[in-house]
Amino acid sequence: MNIRTQLDTIITQALANVGANEAPAVVKTSARPEFGDYQANGIMGAAKKLKMNPRELATKVVAELENNSEISLLVEKYEIAGPGFINIHLKNNWLADQVEQTLNSDNLAVKKSSTPETVVIDYSAPNLAKEMHVGHLRSTIIGDAISRVLEFLGHKVIRQNHVGDWGTQFGMLLTYMGELKKENAELEMQLSDLEKFYQAAKIRFDEDEAFATQARENVVKLQAGDAEFLKLWQQFIDTSLNHCDEIYQILNVKLKREDVAPESQYNDDLASVITDLDKAGLLSEDQGAQCVFLDEFKGKDDSIIPMIVQKSDGGYLYATTDLAALRYRHNQLGMTRGLYLVDARQSLHLKQVYVVGKKAGFLPETTSLEHMAFGTMMGKDGTPFKTRTGGTVKLIDLLNEAKLRAFDLVTSKNPDLDEASRREIANTVGIGAVKYADLSKNRTSDYIFNWDTMLSFEGNTAPYLQYAYARIQSIFRKAGEINSGAEIVLQEPAERLLATKLLQFSEAVDVVAKDGTPNFLCNYLFELSGNFMSFYEACPIMKADEATKQSRLKLAQLTANTLKTGLDLLGIDVMERM
RNA sequence: GCGCUGGUAGCUCAGAUGGAUAGAGUACCUGGCUACGAACCAGGGGGUCGGGGGUUCGAUUCCUCCCCAGCGCGCCA
């Protein structure tokens, strides 16, 4: 039940009925309470097209609406206001009825998509040569939330973790591994901190020419399928993936081993990508490299930006791999929609991949390919984020810090709880806060990393939503079961406000599915919690008379259900007490 | 040089197809715990929406020109 869409459809039809064709009603939730629950803004635009007085047109539309039995079930009254807005007031008893129905429905009365798609979603994609750092947070968390939302709406979601496991840097790492093995060093110990391991290998690479030469040769050996190197490589990859899995588990991210679709997987397809591009007439040689030149990527001075798919030494590039992946996702996975949760800096690259992939016939023009970009992480001074040592902040360090700070807070709030419970609560709160801090922003541009805002537990944060949930659970511990036969009555303004907000859950979910913007859902849940908190202050439950108490318990119950479901779609847990 | 993304309150950020008095959080100031949990609530101050033009009944939103920031533009991924 998406009220906004329903109103929009009916009012757009009403506009057509009075002669305004192809004029959208542009229904939105009202900007201010005195403007009703929803407002239609499209009348002025339609009137302009028809060269009519907008208020006159609005009058006609309202007359049309008043004759519509379907919409009359939910609308109390219409008001024509200002230059030609139609303000819509919903019926109290209809709202109450909808709350009751939503409470009794399976998934908060959210309708499954009528056109389910096979969505391939490419997210997280760490480089296995190094440990995951804070920059991987966005892709991992936003991708996971979008996946959950799409699944919730009945789409088939195929997660693809396009991990980097095949670049030239693995020659360096494997060579270093080989050295350590000969020295009988404790390899597992060394690999437990991948960041240090990488740096140590890098130093060898930079300082020792013989080592560097060996490293370059080993890449070739690896990619040619040398058994010894494959074994060594496999050991490294496994270790690194274990690190990732550990992070995913802490983050409550659904990515599993079977979702890993590494770059190496496409190794055998790369040659055929080149021949297929050639067959499609897209390939041309330039300075020894195989390139695709397209008019789409022409600069103002007519110079065309090439996409290089094969180096002059015969080696392939990530453009080649991405094209192979694109073809695989269409042919093998049946993708009808592709989402790429990738850094904004790769926007040109991905645009090229999409256009070339479609021109080459790797997938149909109709397949929607969407780059859901996000910006670079910056430090407080607005320059790219680095620690003092010059490296990036490890993700695991951020998560541990979150748990630590949350534990201190839980301990100060609830000193009597046993330590195990406090730990558990702290983990849920701490990780929730970190995830929410990132999910609640819609920044395609760069963003500032800040420990304190990332680890804040007050205001618009996950703990605020979790707190609302915990409060409701506390009420139910005291109130016992709801009388399911009780009637919901919306008497107080706070009750009505809460009920209306509760019924807008699917509006938020639909936007996230369409635009890939979990911050809409965050914002919705924050407002819902705010409405609940106000209701909680203004409308006592336990002290009210029995009928009112039951009615309010139902509102509280649906709030809890909505918070739990909504937070689960974001990959954030709730708890009974905190 | 060309291109992409952005510039909204002291700070961190929302503002979905142009709409009525631009919103949160935080920080600051006033109040509210003999409690359905103060990780909260009620209220206050604080903004030339980077700047100039333009389109429109109406522009934070669309067009255009500047300024600033980050990033991207042939053999890394």
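None of these values were measured; they are calculated from a predicted model. Just so we're on the same page: letters track the sequence lines, and every chain starts at 1.
Whole-Å rounding puts the Asp322(A) CG to C76(B) P distance at 16 Å. A38(B) atom P lies 11 Å from atom CZ of Phe532(A), rounded to whole Å. Separating the NZ atom of Lys49(A) from the P atom of U56(B) is a distance of 17 Å, rounded to the nearest angstrom.
One finds no side-chain N or O of Thr453(A) lying less than 4.0 angstrom from the OP1 or OP2 phosphate oxygen of C13(B). Remark: Asn460(A) is not in phosphate contact with U26(B), judged by side-chain N or O atoms under 4.0 Å from OP1 or OP2. Checking the phosphate oxygens (OP1, OP2) of A38(B), a side-chain nitrogen or oxygen of Arg471(A) falls inside 4.0 Å. Contact annotation: Thr376(A) does not reach the phosphate of G70(B) (side-chain N/O to OP1 or OP2, under 4.0 Å). Taking side-chain N and O atoms only, Tyr464(A) has a distance below 4.0 Å to OP1 or OP2 of C41(B). Taking side-chain N and O atoms only, Lys441(A) has no distance below 4.0 Å to OP1 or OP2 of C13(B). Within the structure, every side-chain polar atom (N or O) of Asn523(A) is placed at least 4.0 Å from both OP1 and OP2 of G23(B).
Classified by its glycosidic torsion, G74(B) falls in the syn category, the angle being within 90° of 0.
For G37(B), the base is not stacked against the aromatic ring of Tyr467(A), per a cut-off of 5.5 Å between centres and 30° between planes.
For Asn442(A), the listed nucleotide lying nearest its side chain is G15(B); candidates were C41(B), G15(B), C76(B). Here the side chain of Ser347(A) is nearest to one of A14(B), C4(B), G19(B), namely C4(B). Each of G18(B), C75(B), G37(B) was ranked by its minimum atom distance to the side chain of Arg577(A); first place goes to G37(B). When each of G72(B), A20(B), A77(B) is scored by its nearest atom to the side-chain atoms of Tyr318(A), the top-ranked nucleotide is A77(B). Here the side chain of Val511(A) is nearest to one of C73(B), C75(B), A16(B), namely A16(B). For Ile425(A), taking side-chain heavy atoms from C-beta onward, the closest of the listed nucleotides C75(B), A24(B), A39(B) is A39(B). Taking every side-chain heavy atom of Ile308(A) into account, G74(B) is the closest of C41(B), G74(B), G15(B). Of the candidate nucleotides G74(B), G37(B), G18(B), G18(B) has the atom lying nearest to any side-chain atom of Lys28(A).
Looking at heavy atoms from C-beta onward, Leu398(A) lies in side-chain contact with Leu137(A) at the 4.5 angstrom threshold.
Side chain of Ser421(A) to main chain of Leu417(A): no donor-acceptor pair is present (N/O by atom type, distance under 3.5 Å, no hydrogens or angles). Side-chain atoms of Asp286(A) never come within 3.5 Å of backbone atoms of Ala289(A) as a donor-acceptor pair (strictly under, hydrogens ignored). Counting only distance, with no hydrogens or angles, the side chain of Arg4(A) and the backbone of Val27(A) share a donor-acceptor pair below 3.5 Å.
Across all strands shown, Asp286(A) has heavy atoms under 4.0 Å from base atoms, whether or not it also approaches the sugar-phosphate. Within 4.0 Å of Ala479(A), counting heavy atoms only, lies no atom of the nucleic acid at all. In this structure, Gln39(A) reaches the bases: a heavy-atom distance under 4.0 Å links it to at least one base atom across the strands shown. Glu34(A) comes within contact range of at least one nucleobase, with a heavy-atom separation under 4.0 Å. At a threshold of 4.0 angstrom between heavy atoms, the contacts of Ile541(A) include nucleobase atoms, whether or not backbone atoms are also involved. The residue Pro540(A) sits close to a base: some heavy atom pair falls under 4.0 Å. Base contact: Leu409(A) has a heavy atom under 4.0 Å from a base atom. Among the atoms of the strands shown, base atoms are found under 4.0 Å from some heavy atom of Phe85(A). Nucleic acid contact class of Ala468(A) (heavy atoms, under 4.0 Å, all strands): none. At the heavy-atom level, Lys543(A) lies under 4.0 Å from the strands shown only through sugar-phosphate atoms. Asp510(A) comes within contact range of no nucleotide atom at all, as no heavy-atom separation falls under 4.0 Å. Across all strands, Thr517(A) comes closer than 4.0 Å to no nucleic acid atom at all (heavy-atom distances). Contact annotation for Gly42(A): no contact, since no heavy-atom pair falls under 4.0 Å across all strands. Contacts of Met44(A) with the nucleic acid, taken as non-hydrogen atoms under 4.0 Å apart, include base atoms.
Shown here, A77(B) forms no base pair; nothing in the strands shown gives a Watson-Crick or G-U wobble contact with both key distances under 3.5 Å. Pairing of C11(B), defined by two Watson-Crick or G-U wobble distances under 3.5 Å, is identified with G25(B). When both distances must be under 3.5 Å, the Watson-Crick or G-U wobble mate of C62(B) is G54(B). Across all strands shown, G46(B) forms no Watson-Crick or G-U wobble pair with both key distances under 3.5 Å. Searching all strands for a Watson-Crick or G-U wobble partner of C2(B) with both distances below 3.5 Å returns G72(B). Pair assignment for G37(B): none, as no Watson-Crick or G-U wobble contacts are both less than 3.5 Å.
Here Tyr354(A) and His371(A) keep their ring centres 6.0 angstrom or further from each other. The six-membered or imidazole ring of Phe526(A) lies near that of Tyr464(A), with a centre-to-centre distance under 6.0 Å.
To the nearest 0.5 Å, atoms CE (Met44(A)) and CD1 (Ile86(A)) are separated by 10.0 Å. The distance from the CG atom of Leu128(A) to the CG atom of Asn161(A) is 8.0 Å, given to the nearest 0.5 Å.
Both Arg32(A) and Lys478(A) lie near RNA chain B, and the one whose nearest nucleotide falls closer to the 5' end is Arg32(A). Mapping Ala81(A) and Lys311(A) onto RNA chain B by nearest heavy atom places Ala81(A) at the nucleotide closer to the 5' end.
Comparing the same atom, P, in G70(B) and in G54(B) gives a spacing of 32 Å after rounding to whole Å.
In terms of polar N and O atoms assigned as donor or acceptor, the side chain of Asp165(A) never comes within less than 3.5 Å of the base of A77(B) in a complementary pairing.
A cation-pi contact, defined as under 6.0 Å to the ring centre and within 45° of the axis, links Arg423(A) to Phe407(A).
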